Amino acid sequence: MTINSPIHVIGGGLAGSEAAWQIAHQGVPVILHEMRPVRTTDAHKTDGLAELVCSNSFRSDDWETNAVGLLHEEMRRMNSLILAAGDRQKLPAGGALAVDRDAFSADVTARLSEHPLVTIVRSEVAGLPPADWDNVVVATGPLTSPALSEAVRARTGEGELAFFDAIAPVIHLDSIDQTIVWRQSRYDKAGPGGTGADYLNCPMSKDEYEAFIDAMLAGEKTVFKEWEASTPYFDGCLPVEVMAERGRDTLRFGPMKPVGLTDPRTGRRPYAVVQLRQDNAHGTLWNMVGFQTKLKHGEQVRVFRMIPGLQDADFARLGGLHRNTFLNSPKLLDGGLRLKAEPRLRFAGQITGVEGYVESAAIGLLAGRFAAADRTGRDAGPPPATTALGALLAHITGGHLLDGSDGGSSSFQPMNINYGLLPPLDEAPTTDADGRKLKGKARGAEKKRLMSRRALADLGQWIAAREPAET
Ligand SMILES: Cc1cc2nc3c(=O)[nH]c(=O)nc-3n(C[C@H](O)[C@H](O)[C@H](O)COP(=O)(O)OP(=O)(O)OC[C@H]3O[C@@H](n4cnc5c(N)ncnc54)[C@H](O)[C@@H]3O)c2cc1C
């Protein structure tokens, strides 16, 4: 293969469009295969590239104190098509970046159609790509066509490609009240790789438990979309409120069972327990074990803050349950997003286990650059882990802790970008720029500011070392 042999990108959504753009921008020809309008998904309505299937918002555009805003800024500095089109087609939306969805999709479609190195083919890739496609980016999204998802599942192994996400909330460690929770594994069992004190435990008295069950039963839930409802709940993925509906004690004998745990404050076993398990290698994020839920987001915050120790919880991710095709990426993909078992196939977008328009496009950006670098022999390398781009990549390719100790084969579930994915600062700030002592929210905001500045400085150096022309 020569530098003029095309790279194939499958799927012209947020990730595939960005990947194709990045590849072409590196001077490599690219063929973008999009199945719409020949075939479509249950959510898409048009034949436009990068169609936004639901909200028209890319969320906060504040790069200083919001992680998705930081990701926007990093992508702008990396010549992102999705961010440039978003900026061109933006609508007034306060601090958020919201776009005119039709104009945005038309803009992306036009830029790619006009690019001399991009060819757009409107057809489904209905199985693994032909053997002579040596460099492929698969960006077919949460609603990948059945023929291709079956082929990927056959290649990756049963159980390594999920068709539903069952997301339990994830909480920032520094918002958990350490005077109430304690570290202990059930019966102090160390298990493989554990210490016997691997979980954070939130104890509940009988009254607290009863009030919690009442709140959960009364809480407003989201409903499945019509096409999602035909798929039944999977074993082990029952929403916590559905379990509560089956009997007031079901949770106390299920995920909230207190057996093998002793509250050091009382010396006794509590009436019920909510367990939190470490979610990332940095140890900054903890997920609520067994708490996948369809409670509305506002209700989750209200109800879950009733749990002792979580009264001030800052949620990095709230729970949910959706149709969603995604890989067990930390196990299957290498650091360059290639399938370890078949490195010609690289994955991008939501199918890699990131969540959201911007995150999907961000992984498309990296996959496109990595694919082009393979072709040209230039060093793409991963962006520093201190950047939002690098942190997201690190999370899906290994930073998330794969955990089998609760009996599940994988606890990997889709993730939005958040500051908990970035390595903590060497030293947390105690004073502001004027030397005033920082407390509470102001301290948290200053921490984010410092992490954002570190990210952009590190990204700048990384870009300068690789692409002097772009600095
Ligand atoms: C119903 C729904 C609502 C969502 N709402 C939001 C939201 O409001 N905000 C948010 O941030 N995120 C939302 N998401 C999550 C997610 O960020 C988006 O789905 C996002 O579009 C994912 O980007 P992607 O490029 O990975 O996939 P997509 O944008 O879905 O792109 C995949 C493309 O691949 C094509 N394709 C699929 N299979 C094949 C094949 N075999 N051959 C050729 N082409 C193929 C599809 O037609 C599609 O164009 C939602 C997801 C769903 C399913």
Side-chain angles (χ1 to χ4, degrees), residues 8-21 31-60 68 71-72 81-82 86 96-99 101 104-105 108-109 112 120-129 133 136-152 163-165 167 222-229 231 297 317 320-327 329 337 347-365 367-368 392 396 414-417:
H8 294 264
V9 175
I10 310 176
L14 276 298
S17 300
E18 183 67 58
W21 177 257
I31 301 178
L32 178 58
H33 304 260
E34 168 51 55
M35 69 177 182
R36 290 173 292 121
V38 184
R39 290 203 58 168
T40 191
T41 73
D42 286 314
H44 289 85
K45 295 193 173 62
T46 74
D47 62 3
L49 300 180
E51 178 183 336
L52 304 179
V53 290
C54 188
S55 135
N56 65 333
S57 173
F58 290 163
R59 314 190 328 262
S60 172
V68 80
L71 191 56
H72 291 173
L81 170 63
I82 295 299
L97 175 59
V99 303
R101 68 177 71 239
F104 168 76
S105 171
V108 172
T109 307
L112 286 170
I120 301 171
V121 175
R122 297 284 185 164
S123 67
E124 179 189 4
V125 177
L128 288 188
W133 295 11
V136 183
V137 177
V138 182
T140 43
L143 305 173
T144 296
S145 74
L148 181 56
S149 40
E150 273 313 318
V152 171
F163 293 99
F164 246 83
D165 56 36
I167 299 179
T222 51
V223 281
F224 273 128
K225 299 209 166 52
E226 205 179 308
W227 44 272
E228 287 180 315
T231 311
H297 281 179
R317 174 178 84 190
L321 211 68
H322 312 97
R323 244 295 283 288
N324 191 1
T325 314
F326 66 99
L327 292 165
S329 298
L337 296 163
F347 284 81
Q350 185 125 341
I351 198 169
T352 63
V354 294
E355 169 75 32
Y357 299 146
V358 183
E359 290 84 343
S360 297
I363 295 300
L365 183 154
L392 199 56
I396 58 173
M415 186 58 115
N416 282 125
I417 186 66

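Indexing begins at 1, ligand by ligand and atom by atom, following the structure's order. None of the values given here were measured: they were computed from a predicted structure.
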**OP:** Answer yes if the side chains of Ser105 and Glu51 hold a donor-acceptor pair under 3.5 Å, and no otherwise.
**Re:** no
**OP:** Give the contacting part of Ala126 toward ligand 1: side chain, backbone, both or neither, where contact means a heavy-atom distance below 4.0 Å.
**Re:** neither
Subject >> Part of Leu148 within contact of ligand 1 (heavy atoms, under 4.0 Å) >> reply: side chain
Subject >> Under 4.0 Å to a heavy atom of Arg36 - the qualifying atoms of ligand 1, by number >> reply: 47 (O), 49 (O)
**OP:** Look up atom OG in Ser149 and atom CD1 in Ile351, then write down how far apart they are to the nearest 0.5 Å.
**Re:** 7.5 Å
**OP:** Classify the contact between Ile10 and ligand 1 as side chain, backbone, both or neither, using a heavy-atom distance cut-off of under 4.0 Å.
**Re:** side chain
**OP:** Look at atom 30 (O) of ligand 1 and find which of Met35, Gln350, His44 reaches it with the closest heavy atom.
**Re:** His44
Original post:
Which option out of Thr46, Leu32, Thr140 puts a heavy atom nearest to atom 37 (C) of ligand 1?
Top reply: Thr140
**OP:** List the steps and the verdict of side chain to side chain contact (heavy atoms under 4.5 Å, CB included) for Gln350 and Phe326.
**Re:** CA-CA 7 Å; Gln350 185 125 341; Phe326 66 99; 5.8 Å; no
**OP:** Give yes if a backbone or side-chain nitrogen or oxygen of Gly356 is under 3.5 Å from a nitrogen or oxygen of ligand 1, and no if not.
**Re:** yes
**OP:** Ignoring hydrogens, just give me the one of Leu143, Val152, Asp47 whose non-hydrogen atom is nearest atom 53 (C) of ligand 1.
**Re:** Leu143
**OP:** State which residue, out of Val125, Leu148, Thr140, Thr41, fulfils the side-chain contact (heavy atoms from CB on, under 4.5 Å) condition with Met35.
**Re:** Thr41
Original post:
Does an N or O from Ser145, backbone or side chain, lie closer than 3.5 Å to an N or O of ligand 1?
Top reply: yes
Subject >> Selected option - heavy-atom contact closest to atom 46 (C) of ligand 1, from Arg59, Arg323, Glu51, Glu34 >> reply: Glu34
Subject >> Distance-only N or O hit between ligand 1 and Glu355, under 3.5 Å >> reply: no
**OP:** Check whether any side-chain heavy atom of Ile120 lies under 4.5 Å from a side-chain heavy atom of Leu49, and answer yes or no.
**Re:** yes
**OP:** Could you tell me which atoms of ligand 1, counted from 1 in the order shown, lie closer than 4.0 angstrom to a heavy atom of His33?
**Re:** 43 (C), 44 (N)
Original post:
Do Glu359 and Arg59 come close enough that some side-chain heavy atom pair is under 4.5 Å?
Top reply: yes
**OP:** Flag the pair Val354 / Met415 as yes when at least one side-chain heavy-atom distance between them is below 4.5 Å, and no otherwise.
**Re:** no
Output a table of donor-acceptor pairs, distance under 3.5 Å, between side-chain atoms of residues 11-19 and any protein atom two or more places apart or on a different chain; print 'none' if there are none.
residue	atom	partner	partner atom	Å
Ser17	OG	Gly12	O	3.4
Ser17	OG	Gly13	O	2.7
Glu18	OE1	Ser80	OG	2.7
Glu18	OE1	Leu81	N	3.2
Glu18	OE1	Ile82	N	2.9
Glu18	OE2	Gln22	NE2	2.9
Glu18	OE2	Leu81	N	3.1

**OP:** Return a yes/no value for Ala15: is any of its N or O atoms, backbone included, closer than 3.5 angstrom to an N or O of ligand 1?
**Re:** yes
Subject >> Check: Phe104 ring centre within less than 6.0 Å of Phe58 ring centre >> reply: yes
Original post:
Which of the atoms in ligand 1, numbered in the order shown and given with their element, are less than 4.0 Å from a heavy-atom of Leu14?
Top reply: 21 (O), 23 (O), 25 (O), 29 (O)
Original post:
So, does Asn56 use its side chain to make a donor-acceptor pair with the main chain of Val99 at under 3.5 Å?
Top reply: yes
**OP:** Tell me which one of Thr144, Val53, Thr325 gets a heavy atom nearest to atom 51 (C) of ligand 1.
**Re:** Val53
Original post:
Short list, please: which atoms of ligand 1 are under 4.0 Å from a heavy atom of Gly349?
Top reply: 26 (O)
Original post:
Residues in ring pair (Phe, Tyr, Trp, His ring centres under 6.0 Å) with His8, at least two apart?
Top reply: His33, Trp133
Subject >> Part of Ser360 with heavy atoms under 4.0 Å of ligand 1, whether side chain, backbone, both or neither >> reply: side chain
Original post:
Nearest non-hydrogen atom to atom 6 (C) of ligand 1 belongs to which of Phe58, Phe326, Tyr357?
Top reply: Tyr357
